[in-house]
Number of protein chains: 2
Amino acid sequence: MAHQTVRHAPGLPDDSRAAVAEPTPSCPVEITLAALRGRWTTLVVRELLKGEHTFTQLAQALPALSDKVLTDRLAQLADSGVLVRDRRPGWPPRTSYRLTPRGRRLGPVLQALWDWGAAEGDTDWGAAKDDSGRGAAEGDSG
Amino acid sequence: MAHQTVRHAPGLPDDSRAAVAEPTPSCPVEITLAALRGRWTTLVVRELLKGEHTFTQLAQALPALSDKVLTDRLAQLADSGVLVRDRRPGWPPRTSYRLTPRGRRLGPVLQALWDWGAAEGDTDWGAAKDDSGRGAAEGDSG
DNA sequence: CAGCATCCATTCAGATACTG
DNA sequence: CAGTATCTGAATGGATGCTG
């Protein structure tokens, strides 16, 4: 009864959630993509990575972002545990938003996204039908 | 201070594209998110990280994925330089899909997404604040 | 100031039918 | 087998107006 580890490709997690046959909210990748989903979301996170912001400060940093969508994004990010609202009593109302520890850990995630998108040595794919001479599944250290 | 660089938060890239005020396709983060956008996309990439697949093999690995959406995703990923089609002459037609080197580099990106979504020590946000009411469990909605 | 409610245009996913 | 074409419903983004 060798409950031997399932053989999986290098770089793929050895976790049952890595074997899902359809998109499911419990998959960690889906969780992260759900947190970052939608237009403007990463830009809002970027602003908050710089520090605490009020609603108005965010709106000013992203002038083309409508109130409604900003509200949506802040609610979504709060639900995802990325940021917390800090509402102050008095008038005029002031609400500050800042990242949670979990939210700050999006830094490396955004960095990974940035790095892949910024890799230009890769953009030869249009002419690079040949460069993939080796199989995709080979013991290639990716 | 002759040519002081713009002050930016730690972990934020020192690149003009990091300062965009609205979502733009030239932003590296947007490029990556565009490649991964849409339902099923990451699962298709995951399958291909295991090795070359035909259209049918992909369809079998992801039974709930319709032909049309699979076609869409494959075209999208090909446009993004993530995979290449290898069409063989003869009958019946056989088309293989495999990742490009660029596509294989999505491995670390997916890993970063996985890691963030899988981090459970982070779930202190529910108790972090008088956040009132919303004790969002991980990814139950979405 | 910081939002919520409502409406509308666009995009997207999925189903179905057809083709080289 | 491996797609393409077309259609519908759902989700999304954005504009506008109102409120505590």
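C/dG3 atom P lies 7 Å from atom CG of A/Leu74, rounded to whole Å. Atom CG of A/Asp67 and atom C1' of C/dT6 are 15 Å apart (whole Å). Straight-line distance from the CG atom of B/Leu65 to the P atom of C/dA15: 10 Å, rounded to whole Å. Nucleotide C/dC4 holds its P atom 11 Å from the CG atom of A/Leu70, rounded to whole Å.
For the 3.5 Å distance criterion, the side chains of A/Arg85 and A/Thr95 fail to qualify, holding no donor opposite an acceptor.
Judged by distance alone, with hydrogens and angles left aside, B/Lys68 brings a side-chain donor or acceptor within reach of the base of C/dA13, the pair sitting under 3.5 Å.
Residue A/Thr95 is in sugar-phosphate contact alone, with no base atom involved, counting any heavy-atom pair closer than 4.0 Å across all strands shown. Among the atoms of the strands shown, base atoms are found under 4.0 Å from some heavy atom of B/Trp91.
When each of B/Arg87 and A/Val69 is assigned the nucleotide of DNA chain D bearing its nearest heavy atom, the one mapping closer to the 5' terminus is B/Arg87.
Reading DNA chain D from its 5' end, the first and the last nucleotide to sit under 4.0 Å from a heavy atom of chain B are D/dC1 to D/dT6.
Under the rule for a side chain to side chain contact (heavy atoms under 4.5 Å, CB included), the partners of B/Thr54 that lie at least two apart in sequence or sit in another chain are B/Thr56, B/Gln57, B/Arg94, B/Ser96. For B/Glu30, the salt bridge (Lys or Arg N to Asp or Glu O under 4.0 Å) criterion is met by no residue, not counting sequence neighbours. Under the rule for a salt bridge (Lys or Arg N to Asp or Glu O under 4.0 Å), the partners of A/Asp15 that lie at least two apart in sequence or sit in another chain are A/Arg17. Taking B/Ser16 as the reference, nothing meets the side-chain hydrogen bond (donor to acceptor under 3.5 Å, both in side chains) condition, with sequence neighbours excluded.
Proximity of B/Arg73 to the phosphate of C/dA13: a side-chain N or O atom is located under 4.0 Å from OP1 or OP2.
The side-chain heavy atoms of B/Asp67 and B/Phe55, taken from C-beta on, include a pair separated by under 4.5 Å. Side-chain atoms of A/Leu49 and A/Leu99, non-hydrogen and from C-beta on, do get closer than 4.5 Å to each other. Looking only at side-chain heavy atoms (C-beta outward), B/Leu36 and B/Val82 stay at 4.5 Å or farther from each other.
Within residues 17-38 of chain B, the residues approached by DNA chain C to less than 4.0 Å at the level of any non-hydrogen atom are B/Gly38, in residue-number order.
With A/Trp116 contributing its side chain and B/Gly103 its backbone, the two residues share no donor-acceptor pair below 3.5 Å.
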